[in-house]
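Beneath this line is the structure, given in structure tokens, with notes to follow.
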Amino acid sequence: MSSCSLPRADWAATRAGAVLTVDLGAIVDNYRQLVQRTAGAVCAAVVKADAYGLGAAHVAPALQKAGAKEFFVAHVDEGLALRPSLSSHARITVLHGARPDALAECVESGLRPVLNSMEQIAQLRALAERKGKALDAVLQLDTGMSRFGLSASDVHQLFENPALLRGISLSLIMSHLACADTPENPANAQQLERLKQYAALLPPAPLSLAASSGIFLGAAYHQDLVRPGAALYGVAPNASGPNPLKQVVRLQARVLQTRTLSKGDRVGYGLTWQAEGPCRVATLATGYADGFARQGASTGCAWFKGEKLPILGRISMDSMTVDVSAIPEAELAADALVDLLNAQYGVDDVAAAEGTIGYEVLTSLGRRYHRVYQNHA
Ligand SMILES: *Cc1c(COP(=O)(O)O)cnc(C)c1O
């Protein structure tokens with residue numbers, strides 16, 4: 001059983017090497033901000049990948065309490081796992097649709113499949129025929145990203161032969177933007193235009209295009225339903241200006257040991273870092289197995305009471321070493337907790353140090369942190 005390797009929920013945080021605190025109140029505040037920005041559209045919540053690593057079983061019910069009625073996951077099995085956490089009124093949509101042998105269970109469990117291909121359409125049509133009733137589905141159109149959805153020629157086929165959709169009740173037509181985080185990119189308007197053109201050839205249904213960054217492109221992109229994920233969890237929607245969203249996670253790592261180094265002493269695997277003078281270092285109980293990418297070592301840092309603690313040398317599997325010379329020894333010794341993520345230094349800052357994006361930092365967060373859920377409604 002995989003749960004054997006996870007920290008037990010009833011163990012005290014004080015015994016943990018690292019503590020991940022998820023602020024459910026901040027997620028709800030971010031949701032409410034997005035609802036306000038998209039007035040007139042339905043604001044769904046994307047909770048795939050276990051709510052971007054933060055725990056869908058905690059996050060989705062909190063969002064439901066805040067008014068969310070539409071939830072998106074990627075896989076059927078994610079939807080099945082989520083279903084018991086939500087009321088029967090909540091709708092769960094499966095972005096990848098269902099493999100043929102999972103389609104009946106998908107539909108019977110109240111999960112709405114996205115149809116990304118003519119094959120998936122044919123499979124649902126056949127199931128509807130067998131069941132003798134119309135089945136609810138979303139149609140995804142490829143408007144330029146070449147990742148998921150029907151091509152222009154597929155759309156024309158459906159236009160010329162509407163019977164291909166017999167037994168399928170289209171409750172949404174969606175597409176996905178490739179460049180929404182760069183508002184000046186002309187691909188955005190092009191994709192919006194294509195979505196409208198293609199949809200005009202299909203049975204009437206509400207439209208959806210924007211995920212988190214798309215919401216910030218303006219009202220034209222909101223259409224009937226928006227699908228934010230990352231913004232709920234505090235990731236900046238684009239690179240311009242301050243992040244309007246609240247940080248959601250705090251990650252604290254325990255100091256396991258401290259030591260004083262002399263000029264010329266070296267640190268970590270490969271002895272890649274060398275002290276230029278006397279300094280004090282601390283070893284923290286978090287490493288790359290906990291989601292801190294090794295390439296973050298050269299520019300990454302931890303924080304203690306507003307003071308920056310640069311990472312020294314390579315990050316190990318279960319630990320990393322930081323420079324704590326700036327902190328008086330009496331204040332920071334073994335057993336202290338330092339921050340690796342907090343309200344001032346968030347997932348996008350760690351991402352910048354690691355050469356990646358906030359999405360990847362979140363979804364990489366390790367499974368062995370002691371997790372605390374804060375500010376339930
Ligand atoms: C992941 C995903 C979303 C959510 O994207 P964010 O950028 O995290 O808001 C929305 N729609 C689709 C199709 C997705 O795959």
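We count residues from 1, following the sequence as given. Just so you know, ligand 1 is whichever comes first in the structure, and atom 1 is the first atom listed for that ligand.
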Revision key, fill the gap. Residue pairs meeting side-chain hydrogen bond (donor to acceptor under 3.5 Å, both in side chains), one or both in residues 37-63, sequence neighbours left out, come to Q33-R37
Review point. Can a non-hydrogen atom of P228 be found less than 4.0 Å from any atom of ligand 1?
Key: yes
Point to revise | Joint cluster assignment, V347 & W303, ILVMFWY side-chain distance < 4.5 Å | key: yes
Point to revise | Under-4.0 Å salt bridge between D23 and K246 | key: no
**Study point:** Enclosure of Q274 CD (heavy-atom neighbours >12, cutoff 6.0 Å)
**Key:** yes
Review point. Judged by non-hydrogen atoms, does Y52 sit under 4.0 Å from ligand 1?
Key: yes
Point to revise | CG-CZ distance between D290 and R367, expressed to the nearest 0.5 angstrom | key: 12.0 Å
Review point. Can you tell which part of A230 has a heavy atom less than 4.0 Å from ligand 1: side chain, backbone, both or neither?
Key: both
Review point. Among protein heavy atoms, which lies nearest atom 2 (C) of ligand 1, and at what distance?
Key: K48 NZ, 2.5 Å
**Study point:** Connected via hydrophobic side-chain network under 4.5 Å: L225 and L86
**Key:** yes
Check your understanding: Is there any N or O on G229 that sits under 3.5 Å from an N or O of ligand 1?
Key -> yes
Exercise for review: Heavy-atom contacts with M174 under 4.0 Å: which atoms of ligand 1 show up? List them by number with element.
Suggested key: 13 (C)
Review point. Under a 4.0 Å heavy-atom limit, does Y359 contact ligand 1 with its side chain, its backbone, both, or neither?
Key: side chain
**Study point:** Lys/Arg-Asp/Glu bridge criterion (N-O < 4.0 Å) met for R99, D77
**Key:** no
Review point. Is there at least one pair of N or O atoms, one from R227 and one from ligand 1, spaced under 3.5 Å apart?
Key: yes
**Study point:** Within 6.0 angstrom of E276 CD, more than 12 heavy atoms from elsewhere
**Key:** no
Point to revise | Top protein contact for atom 5 (O) of ligand 1, by heavy-atom distance | key: A211 CB, 3.4 Å
Revision key, fill the gap. Counting heavy atoms under 4.0 Å, the part of V235 that contacts ligand 1 is neither
Exercise for review: Check whether any heavy atom of R147 sits under 4.0 Å from an atom of ligand 1.
Suggested key: yes
Practice item. Kindly confirm or rule out an N or O of S212 lying under 3.5 angstrom from an N or O of ligand 1. Key: yes
